[in-house]
Amino acid sequence: MGSAGRLLARLGKFNLVGLMGAALQLCLLGLLTKFFHMSAVAATAVAVEIVLLHNFLWHEGFTWRDRQPGSIRQRLIRLGRFHVGNGLISLLGNTALTYYCVQRLKAPVLLSAIAAILFCSLINFYLADRWIYVGDLDRRRGIRDRSRPVPDKLFSGLLDHKSIKFL
């Protein structure tokens, strides 16, 4: 399969994960506004953050499984990049667009959320493919993997200053 074919296949996987995330986001939005009486804006922010983590895990294991990180450090870099890139676009974009559609245009909450999801997804795929899931980040930079194995104690040493370098 050529590079265009691989890109289209990856886009299909990305969209499948996105559809699952969108369904989850809409369910959460309905649940949070109807049963927990949250405002549309607050419910959107909560739903987007939950879906962000859901999508990250699916993209790691499905969409970009051929670009596995070589260490925990690299996975943390990816998670950080995912939150900065796709997360900020999804969180701010969905929240702002939903607010504008609901408050200014008086559009229904779920229709507003669907429009925001579609708009933000186009930007998210480009960022994910070109910046977040770029393969073995250290090898690309010519740096040997200096990460330690995961210790027996849960998260011990995982969040020290050496393993949280962002870029």
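The first residue of the sequence shown is numbered 1, and numbering continues consecutively from there.
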- List for me each residue that meets side chain to side chain contact (heavy atoms under 4.5 Å, CB included) alongside Val102, sequence neighbours excluded, and say none if there are none.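 With sequence neighbours excluded, Val102 shows a side chain to side chain contact (heavy atoms under 4.5 Å, CB included) to Thr98, Val109, Ser112, given in chain and number order.
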
- Any side-chain hydrogen bond (donor to acceptor under 3.5 Å, both in side chains) involving residues 120-129? Give me the pairs, sequence neighbours left out, ordered by first then second residue.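 Output for this query lists Trp64-Asp129, Arg67-Asp129, Ser90-Asn124.
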
- side-chain hydrogen bond (donor to acceptor under 3.5 Å, both in side chains) pairs, two or more places apart, involving residues 10-19: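 Sorted result for residues 10-19: Arg10-Asp66.
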
- Heavy-atom pair of closest approach, residues Asn86 and Ala128: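 Looking at all heavy atoms of both residues, the closest pair is ND2-CB, 4.0 Å.
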
- Query: Minimum heavy-atom separation for Gln68 to Glu60, with atom names?
  - Reply: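 Looking at all heavy atoms of both residues, the shortest contact is NE2-O, 2.8 Å.
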
- List in chain and number order the residues that pass side-chain hydrogen bond (donor to acceptor under 3.5 Å, both in side chains) with Gln103, two or more places apart in sequence or in another chain; answer none if no residue qualifies.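 Counting only residues at least two positions away or on another chain, Gln103 forms no side-chain hydrogen bond (donor to acceptor under 3.5 Å, both in side chains).
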
- Message: Using only atom types and a distance under 3.5 Å, with no angle test, would you say the side chain of Arg81 pairs donor to acceptor with the backbone of Trp131?
- Response: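 Present.
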
- Any ring pair (Phe, Tyr, Trp, His ring centres under 6.0 Å) pairs touching residues 78-123, not counting sequence neighbours?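 Every pair satisfying ring pair (Phe, Tyr, Trp, His ring centres under 6.0 Å) with a residue in residues 78-123: Phe56-Phe82.
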
Do [X] and [Y] belong together in a cluster built from hydrophobic side chains that touch within less than 4.5 Å?
{"X": "Leu19", "Y": "Val51", "result": "no"}
{"X": "Leu118", "Y": "Leu110", "result": "yes"}
{"X": "Tyr133", "Y": "Phe62", "result": "no"}
{"X": "Ile132", "Y": "Leu79", "result": "yes"}
{"X": "Leu16", "Y": "Trp58", "result": "yes"}

Acceptor/donor pairs from residues 24-41 side chains to any protein atom, 3.5 angstrom cut, sequence neighbours excluded:
residue : atom : partner : partner atom : Å
Thr33   : OG1  : Leu29   : O            : 2.8
Thr33   : OG1  : Gly30   : O            : 3.3
Ser39   : OG   : Ala42   : N            : 3.2

- Could you check Phe14 against Asn55 for side chain to side chain contact (heavy atoms under 4.5 Å, CB included), going step by step and ending with a plain yes or no? CA-CA 9 Å; Phe14 180 84; Asn55 287 2; over 6 Å; no

- SG/Cys120 to CG/Leu127 distance, rounded to the nearest 0.5 angstrom?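 Reported to 0.5 Å precision, the distance equals 11.0 Å.
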
- Please round to the nearest 0.5 Å and tell me the distance separating atom NE2 of His59 and atom NE2 of His54.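 So the NE2 of His59 and the NE2 of His54 are separated by 9.0 Å.
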
- Message: Using side chain to side chain contact (heavy atoms under 4.5 Å, CB included), reason through Ile72 and Leu76 one step at a time and then give a plain yes or no.
- Response: CA-CA 6 Å; Ile72 291 172; Leu76 288 173; 4.2 Å; yes

